[in-house]
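Here is how names work: the chains are called A, B, and so on, in the same order as the sequence lines, proteins then strands, and each is numbered from 1. What's counted below: heavy atoms across the whole structure, side chains too, no hydrogens, waters or symmetry copies.
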Amino acid sequence: MLVLTRKTNQLIIIADNITIKVIELNDGSVKIGIDAPKHIPVFREEIYKEIQAENKRAAEAPKDFNIEGII
Amino acid sequence: MNIKTMRFGEMEVENDKVLKFVTGPLGFADKLNWVIVENGLLGWLQSVDDPELAFVIANPFEFYEDYEFGISQEEMSVLNISTNKELNVISIVSVPPKVENMTINLLAPIVINIKESTAKQVILSNNKYSVRHYVYGDLMKVKDKQKEVSA
């Protein structure tokens, strides 16, 4: 992993089209601004993992599950 | 085109019925081609790329008329949509072995551009919704109501 030290308002640039800016430091929290092209999805890790896990769970419906059986 | 599926055997699908995801559902980023198998209140979203991969799906508005749906301008433009009339929304339903415990993912629905048959799973900015909302009771209520109407 590349580790860089940045100060408030300094940027990190990834490729030609993604910038990450440290906006504010406050009591152990960092506020970060991200500029990326629209087709690049950006998520908080927790929410991304939660939805990913739920999708995986949803892909495991019982093999014999039959919609007509319940509706 | 002819596709193989674990749940439905071989299926004949018209090319323009194939939903093309801009990016695959989260956790299935490389699964871009899907087909909807309608089946009343619940349906299936079957992967064209993987015979064993299918999600149970539902229209969230069938159960929750006041479902608030807002997606960002960015998501709209990725899907080439400018108004709500151009889109359809489906939610993924998780069915555990005990069917009564089924849940619907209201936080991350799939948005479809109806005309272009493109789709994307989006995350709503409204955080009052959960990825795991119990839906069986509501499903039964809507089912009973439909029966009353047709009786």
Side-chain angles (χ1 to χ4, degrees), chain A residues 1-4 6-71, chain B residues 6-7 22-29 31 37-45 47 50 52-58 72-79 91-100 102-105 107-108 110 120-123 127 130-132 136 139-140 142-144 146-147:
Chain A
M1 181 192 280
L2 172 66
V3 179
L4 302 167
R6 301 277 68 197
K7 291 180 175 161
T8 307
N9 288 326
Q10 288 187 328
L11 300 174
I12 292 169
I13 298 177
I14 300 173
D16 288 333
N17 48 14
I18 300 171
T19 62
I20 295 173
K21 184 177 186 178
V22 179
I23 294 175
E24 190 183 299
L25 295 168
N26 185 14
D27 194 24
S29 294
V30 187
K31 193 180 276 182
I32 292 173
I34 300 160
D35 268 319
K38 288 168 182 166
H39 65 277
I40 306 266
V42 178
F43 302 104
R44 288 186 178 86
E45 183 194 24
E46 314 85 91
I47 202 153
Y48 182 89
K49 288 204 165 150
E50 190 186 4
I51 294 167
Q52 203 176 42
E54 195 54 32
N55 281 351
K56 296 221 155 131
R57 201 169 80 97
E60 301 292 323
K63 291 230 176 343
D64 59 352
F65 177 66
N66 182 345
I67 287 176
E68 285 92 347
I70 61 160
I71 57 175
Chain B
M6 181 197 78
R7 290 182 190 272
V22 184
T23 53
L26 299 191
F28 300 93
K31 302 291 185 281
V37 182
E38 287 188 34
N39 209 337
L41 288 173
L42 298 176
W44 291 95
L45 183 65
S47 168
D50 179 349
E52 296 198 2
L53 180 57
F55 295 119
V56 177
I57 51 169
S72 65
Q73 283 301 321
E74 284 79 10
E75 306 268 33
M76 300 271 277
S77 71
V78 165
L79 282 168
S91 295
I92 297 177
V93 175
S94 296
V95 182
K98 190 166 186 270
V99 172
E100 292 78 8
M102 69 165 64
T103 55
I104 186 167
N105 183 344
L107 182 66
I110 291 165
K120 184 174 191 285
Q121 186 173 30
V122 305
I123 303 176
N127 57 13
S130 148
V131 297
R132 226 180 247 199
Y136 187 79
L139 174 66
M140 289 302 121
V142 175
K143 174 186 147 185
D144 290 345
Q146 285 187 345
K147 272 196 187 147

Taking C-beta and beyond as the side chain, do [X] and [Y] meet within less than 4.5 Å on heavy atoms?
X: R132(B); Y: S94(B); result: no
X: L107(B); Y: S130(B); result: no
X: L4(A); Y: I12(A); result: yes
X: I20(A); Y: R6(A); result: no
X: I57(B); Y: W44(B); result: no

Between T8(A) and E24(A): side-chain donor-acceptor atoms closer than 3.5 Å: no
Less than 4.5 Å to any heavy atom of chain A: does that hold for the side chain of [X], its backbone, both, or neither?
X: L42(B); value: both
X: S72(B); value: neither
X: I92(B); value: side chain
X: V142(B); value: neither
X: V22(B); value: neither
X: L45(B); value: neither
X: Q121(B); value: side chain

At a 4.5 Å cut-off on heavy atoms, which part of [X] comes close to chain B: side chain, backbone, both, or neither?
X: K49(A); value: neither
X: I70(A); value: both
X: Y48(A); value: both

What one should report as the nearest heavy-atom pair of V93(B) and A58(B) is CG2-CB, 3.9 Å
What pair of heavy atoms forms the shortest contact from E100(B) to Y136(B), and how long is it? O-CB, 3.3 Å
Top residue by heavy-atom pair count (under 4.5 Å) with chain B, among Q52(A), R57(A), E68(A)? R57(A)
